[in-house]
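Below: the structure, in structure tokens.
Note that ligands are numbered from 1 as they come in the structure, with each ligand's atoms numbered from 1 the same way.
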Amino acid sequence: MSDKATLEYQGKKYEFPVVKGTENELGIDIKTLRASTGMVTLDPGFKNTGSCESAITFLDGEKGILRYRGYTIEELAEKADFLEVAYLLIFGELPNKEKLAKFHMDIKAESHVDEEMKKILDGFPKSAHPMGVLSSLTSALIAFNPSSVNVTSEKDMYHAIVRILAKFPVLVAWTLRKKKGLPLDYGDNALGYVENIHKMMFKRPNEEYKRNPVRIEALDKLLILHADHEQNCSTSTVRIVGSSHAGLFASLSAGISALWGPLHGGANQAVLEMLEAIDADGGDTAKYMAKAKDKDDPFRLMGFGHRVYKNFDPRARIIKKAADEVLGDLGIEDPILEVAKGLEKEALEDPYFVDRKLYPNVDFYSGIIYRALGIPTEMFTVMFALGRLPGWIAQWREMRLRGEPIGRPRQIYIGENQRPFVPLENRG
Ligand code: ACO
């Protein structure tokens, strides 16, 4: 097979190298395209554009494969915990016991958040959307940790990473506690990383905190499943913001805003709101299936379809099983789950969804678990951000270590050609 691709335009031929990834993915390297042809490519939504070479996450949407650093998501969800997965994503290898213990100890040493940050949180109305609050608080962290990261120093880089892994869960917990009207609390450094997050979120001021392994394991699994997903919208945002050499915290704050949208991380909130609306409307799933298929109706079945998975989302399989287990273990019977199951069954048999390869994605089920754990719907995307944090960090670190250039796409201009200025008094 040729390792060059040829482009022919107006009788001229141009050759471009073909690059091959370790999973035999092929890409045409068009770095010299504009210089040699004067043209750019046009690819709205970057559906055909590889923005970088990356060694972090592999996914094959056709086969439903997702691997972090070569390990399958199925194995990691079953055998590893979130902190191990975070280490793996960021540093490339699973940590041994000593490395993991040190990593956790270094995180614990940074797990305080400046008390002044509480004043910032105080300034937000209780009705503020938690994603807006979280993105603002993450930005505000910069003011309290102003030293910029020297990316040529592994030590500096490591310090910035453990700092954000330590402080971000506190911000997440505070965002939830503010919403619930609970006092802002710190965790307990004697606990595991995820257990501590759980305690920070749910400890009530007048009750002793009781460990519930089912809830903690469910949370751990959800965080692992969301930990990275290669060059999605928020990760691309983190990389592109970081490519201007903006700091890690600023890049993460931008990623949180990107994740907020209902077509991305905001889908888990949208799914639950949709299921509640269908339930409140009598549970008539057929009616909503018809709406989803009607091209004159903007309604979409939230939690269905994926830009990359055109077969099934492997995370959805794991999470569906986890949702059944959690609800069973916690003894929760949720009518919303029945609506979800009804929709899923109908969609999987409906030619509209089958032909377009629209399958339930991870968000279809994650909301059901979050709800069972007592997390308010508006907080769902915040939980997604908490899970995605190591992925964003890993991608930012990789991008900086590889010395990638500033992200700056081109365009095809379709506006007015040059025209003379019309003074205000002469305009009709
Ligand atoms: N309900 C009904 N129809 C749908 C849905 C849906 N959820 N998703 C896609 N379609 C249809 C489109 O109308 C289109 O139909 P057409 O070919 O007749 O015009 C076709 O399927 C292809 O859809 P696109 O929007 O072109 O697919 P794309 O890859 O651009 O979008 C996306 C993927 C944004 C996820 C889309 O499926 C969607 O909006 N889903 C609902 C929102 C959602 O669940 N988002 C979460 C994504 S997962 C995540 O971020 C973790």
Side-chain angles (χ1 to χ4, degrees), residues 43-49 57 59-62 64 66 68 73 77 131 221-238 255-275 277-278 285-320 339-340 342-370 377 380-389 391-392 395:
D43 186 20
F46 309 125
K47 292 190 180 196
N48 307 281
T49 299
T57 288
L59 75 85
D60 181 329
E62 273 70 38
L66 173 61
Y68 299 159
I73 190 67
M131 282 299 274
K221 202 169 275 189
L222 276 165
L223 296 175
I224 291 175
L225 294 181
H226 285 95
D228 196 48
H229 214 231
E230 51 118 300
Q231 308 312 317
N232 55 82
C233 177
S234 57
T235 301
S236 299
T237 302
V238 169
I256 296 165
S257 298
L259 186 72
W260 190 356
L263 296 190
H264 189 16
N268 54 16
Q269 174 177 344
V271 169
L272 233 282
E273 285 166 355
M274 175 190 77
L275 295 175
I278 298 175
T285 48
K287 176 175 159 188
Y288 286 86
M289 287 290 291
K291 273 167 76 64
K293 292 188 281 182
D294 181 356
K295 289 286 161 211
D296 296 325
D297 190 327
F299 176 79
R300 277 191 167 194
L301 214 50
M302 298 314 287
F304 273 78
H306 197 277
R307 168 58 62 82
V308 181
Y309 293 121
K310 299 300 179 191
N311 183 336
F312 66 90
D313 180 341
R315 302 167 301 172
R317 277 198 181 155
I318 302 170
I319 216 165
K320 180 178 193 256
V339 174
L343 274 182
E344 183 197 21
K345 187 170 179 302
E346 283 174 50
L348 291 178
E349 289 165 3
D350 190 301
Y352 174 97
F353 287 87
V354 174
D355 293 350
R356 289 171 179 75
K357 300 186 190 311
L358 300 170
Y359 295 87
N361 59 49
V362 66
D363 287 324
F364 190 67
Y365 302 104
S366 62
I368 293 167
I369 305 189
Y370 289 139
T377 313
F380 288 2
T381 317
V382 167
M383 300 311 293
F384 188 158
L386 182 62
R388 185 54 55 89
L389 181 67
W392 286 333
Q395 301 272 354

How far is atom 39 (O) of ligand 1 from its nearest protein heavy atom, and which residue and atom name does that atom have?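 Going by distance alone, atom 39 (O) of ligand 1 is nearest to Arg300 NH1, 2.7 Å.
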Considering non-hydrogen atoms of the protein only, which is the closest contact for atom 43 (C) of ligand 1, and what is the distance?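 So the nearest neighbour among protein heavy atoms is Ala267 CB, 3.7 Å.
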For ligand 1, the portion of [X] having any non-hydrogen atom under 4.0 Å away:
| X | value |
| --- | --- |
| Lys293 | neither |
| Leu263 | both |
| Asp313 | neither |
| Phe384 | side chain |
| Arg307 | both |
| Asp363 | side chain |

Should Leu275 and Leu343 count as side-chain neighbours, where that means a heavy-atom distance under 4.5 Å? yes
Does the side chain of Met131 come within less than 4.5 Å of Gln269's, by heavy atoms?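 The answer is no, as the side chains (C-beta and beyond) never meet within the 4.5 Å cut-off.
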For Phe299 versus Lys291, what's the shortest heavy-atom pair and its separation? CD2-CB, 3.7 Å
Hey, do the aromatic rings of Tyr309 and Tyr359 have their centres closer than 6.0 Å?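 Aromatic pair excluded; centres sit 6.0 Å or further apart.
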Looking at Lys291, Lys357, His264, the heavy atom closest to atom 50 (O) of ligand 1 belongs to His264
Tell me which one of Arg356, Lys310, Lys295 gets a heavy atom nearest to atom 13 (O) of ligand 1. Lys295
About how many Å separate NZ of Lys320 and CD1 of Ile368, when rounded to the nearest 0.5 Å? 10.0 Å
For ligand 1, is His229 a contact, meaning one of its heavy atoms is under 4.0 Å away? no
Would you please determine whether Phe364 falls within less than 4.0 Å of ligand 1 on a heavy-atom basis?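 No heavy atom of Phe364 comes that close to ligand 1.
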Tell me whether atom 9 (C) of ligand 1 lies less than 4.0 Å from at least one protein heavy-atom position.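 Given the 4.0 Å limit, the answer for atom 9 (C) of ligand 1 is yes, a protein heavy atom qualifies.
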